[in-house]
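Numbered from 1 within each chain, the chains take letters A, B, ... in sequence-line order.
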Protein chains: 2
Amino acid sequence: MIDRYQLRYFLAVVDAGNFSRAAAQVNVTQPTLSVGIGKLEKGLGARLFLRNSQRVQLTEAGVRLLAHARAIEREFNDLEGRVSQTRPVGTLRVGVLSTIPIRLLSGLVSSMRSGGEEAIELIEGNERDLVGRLQRRRIDVALTLVRPGESRFAVEPLFEEGYSLAAPAWHAYADAGVVAGDLLADEVMIVRRHCELLSETSRYFTERGVRPHFAFRSTNDERTVALVKAGLGVTVIPDSYAEPGLALVKLAGFNHSRRIGLLFASPELAGETGPQALQALRALASCCAERVQKSAVR
Amino acid sequence: MIDRYQLRYFLAVVDAGNFSRAAAQVNVTQPTLSVGIGKLEKGLGARLFLRNSQRVQLTEAGVRLLAHARAIEREFNDLEGRVSQTRPVGTLRVGVLSTIPIRLLSGLVSSMRSGGEEAIELIEGNERDLVGRLQRRRIDVALTLVRPGESRFAVEPLFEEGYSLAAPAWHAYADAGVVAGDLLADEVMIVRRHCELLSETSRYFTERGVRPHFAFRSTNDERTVALVKAGLGVTVIPDSYAEPGLALVKLAGFNHSRRIGLLFASPELAGETGPQALQALRALASCCAERVQKSAVR
DNA sequence: TGAAGACCATACGTTTCATCTATGATCGAT
DNA sequence: ATCGATCATAGATGAAACGTATGGTCTTCA
């Protein structure tokens with residue numbers, strides 16, 4: 001049965017003119033889009049594109065599909081816009097990367113609660129998820145990773161941070177500052193399954209001949225931190241998770257960092273316009289400034 | 001993101017008036033439909049049904065969704081009907097249960113090839129799949145399981161068959177006729193993963209204290225038969241898979257059978273109307289008659 | 001009032017499949 | 001020839017759709 005995502009892929013190819021750009025447009029990789037179009041074609045029993053070199057061209061069946069596909073996508077978007085519970089005006093919908101500690105947002109939330117009648121709504125998700133929501137205007141702003149070449153959205157960078165090995169404060173390496181990866185062969189580890197650097201982290205250790213035992217795998221960083229403090233094991237985690245009782249130690253040769261910032265659904269929001277938006281931005285900014293300061297002091 | 005299947009569930013509930021009947025209508029279980037509706041509601045951020053006892057009632061958001069959902073489903077159906085490659089008129093689209101041996105269909109195909117200008121098109125699928133295609137008129141007739149209370153489609157029963165243990169012809173039990181399940185403790189087995197009786201089969205053996213070693217798991221019955229004949233192991237399979245070199249032995253106490261027949265997308269097809277349909281039916285019927293005969297001789 | 005039945009929700013395990021990474025094939029251009 | 005651009009294919013993985021089992025809440029009826 002034909003599914004929605006296949007139509008989105010199809011429309012993206014029509015818009016973009018080739019598979020690779022289309023894949024970027026819908027935030028998937030090129031092979032993913034390729035098999036998606038393949039499934040659609042098989043499902044319909046008709047080729048949709050002529051894959052000449054240098055250009056894809058709609059077949060007759062493709063042209064026929066196009067009208068339907070556009071109609072369906074428009075209707076879906078309508079639906080998502082209109083059926084949802086009408087939120088109070090002045091509500092800022094903020095997407096939050098799920099690998100960002102909620103502690104960073106407490107300040108924002110409380111300042112909004114005390115600061116007037118504007119409301120705020122938080123939506124968690126991974127990077128792809130959030131970008132998708134931004135594109136479809138389901139959120140107004142996202143607190144997420146900022147990639148170097150970001151061109152789809154207006155950006156306001158907030159801070160950059162590294163990753164460290166997190167261990168309980170009483171751990172042998174707690175005060176070391178830096179530790180070499182290959183010394184960690186006997187450490188029990190905890191896997192943060194949704195970490196942006198999951199594959200890089202595992203490569204880092206395997207390259208150093210370390211095959212750690214994993215005591216826990218979770219997508220909940222707050223739980224992970226609690227278990228690290230309790231002594232179950234150690235983990236690799238962004239520096240902003242620093243908190244009392246948790247020691248953060250740099251891993252020698254693990255030189256990754258991430259840039260966190262705000263992505264805006266519409267460029268106008270990025271300016272100084274919109275009282276509630278402005279207020280929220282300021283709150284976030286000050287909040288992050290604090291954090292960076294703490295981290296430096298650490 | 002809202003997906004097509006969720007809208008189908010939603011429409012089914014609106015049509016059927018309660019979740020259980022709706023689930024039957026879209027060929028899923030009630031819990032499956034329940035969580036599907038739940039996802040849709042969470043995705044929209046609004047309740048769609050008031051679950052009063054005895055009746056579900058549309059909320060305001062539900063009413064708003066209804067129009068969009070109907071429009072989208074209509075458009076999807078249109079699309080599937082119109083965009084597909086126009087097949088030559090007179091083509092009979094036959095759905096075939098994937099656990100039915102293709103050998104049964106060879107006769108049909110060759111008789112169609114020699115029998116005039118009518119064409120035939122075969123579509124494989126499991127039971128749910130085929131029922132879905134029938135309902136959406138993507139196939140004209142399905143050669144599949146016939147359930148006792150079938151009321152959605154016109155039915156033409158063809159034959160009933162049991163299941164047997166399939167072993168190579170030189171196997172110790174090959175000429176036994178019947179064998180007790182608990183004697184098979186040391187047999188290597190092959191799992192037919194899409195078998196309708198997979199869970200019943202595994203229960204049959206566990207109840208008799210048999211925990212077989214599985215040498216192969218496949219969804220391809222022709223490969224399975226080939227491997228059984230080659231001596232890799234034994235398997236439980238419908239009797240119609242009988243062929244030279246393969247011994248079929250009844251399992252004592254394993255008294256399951258399946259009824260195979262034709263389900264028709266439209267009642268008119270079930271009659272004597274339609275020259276090419278008629279011809280195809282006769283071919284199938286005679287084909288199956290042959291098979292039953294062979295099986296009796298076995 | 002208590003047992004039974006109809007109905008929906010939840011928990012948990014399994015399987016499917018959308019997606020990823022890695023790699024190959026094809027074609028133009030330099 | 002080689003490189004870069006493009007799409008296809010293969011294999012692995014993780015998310016989620018789905019089924020089975022079960023529990024809770026009504027209504028009905030003895």
Between atom [atom1] in [X] and atom [atom2] in [N], what is the gap in whole Å?
X	N	atom1	atom2	answer
A:Leu33	C:dT21	CG	P	15 Å
A:Arg21	D:dT6	CZ	C1'	11 Å
B:Leu197	D:dT20	CG	P	13 Å
B:His194	D:dC18	NE2	C1'	18 Å
A:Leu50	D:dA8	CG	P	12 Å
B:Ile2	D:dA16	CD1	P	15 Å
B:Phe19	D:dC26	CZ	P	16 Å
B:Phe49	C:dC7	CZ	P	15 Å

### Pairs touching residues 191-203 of chain B that satisfy salt bridge (charged side-chain N to carboxylate O under 4.0 Å, His left out), sequence neighbours left out
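The answer is B:Arg192-B:Asp221, B:Glu196-B:Arg258.
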Side-chain N,O ([X]) to OP1/OP2 ([N]) below 4.0 Å:
X	N	answer
A:Asn18	D:dA5	no
B:Ser20	C:dA6	no
B:Arg51	C:dC7	no

Tell me every residue that passes ring-ring contact (aromatic ring centres under 6.0 Å, His included) with [X], counting only those two or more places apart in sequence or in another chain.
X	answer
B:Tyr5	B:Tyr9
A:Phe205	none
B:His194	none

### Message
Does the protein touch nucleotides 10-19 of chain C at the base, only the backbone, or not at all? Give it as B, S and - per nucleotide, heavy atoms under 4.0 Å.
### Response
B-----S-SB
### Task
Identify, with sequence neighbours excluded, every residue that meets side-chain contact (heavy atoms from CB on, under 4.5 Å) alongside B:Arg133.
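Listed in chain order: B:Ile123, B:Asp129, B:Arg136, B:Arg138, B:Ile139.
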### Query
Where does the angle between the aromatic ring planes of A:Phe10 and A:Phe49 fall among parallel (under 30°), tilted (30 to 60°) and perpendicular (over 60°)?
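Rings of A:Phe10 and A:Phe49: tilted, 30 to 60°.
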### Minimal non-hydrogen separation, B:Tyr163 against B:Leu197, with atom names
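The pair with the smallest heavy-atom distance is CE1-CD1, 3.2 Å.
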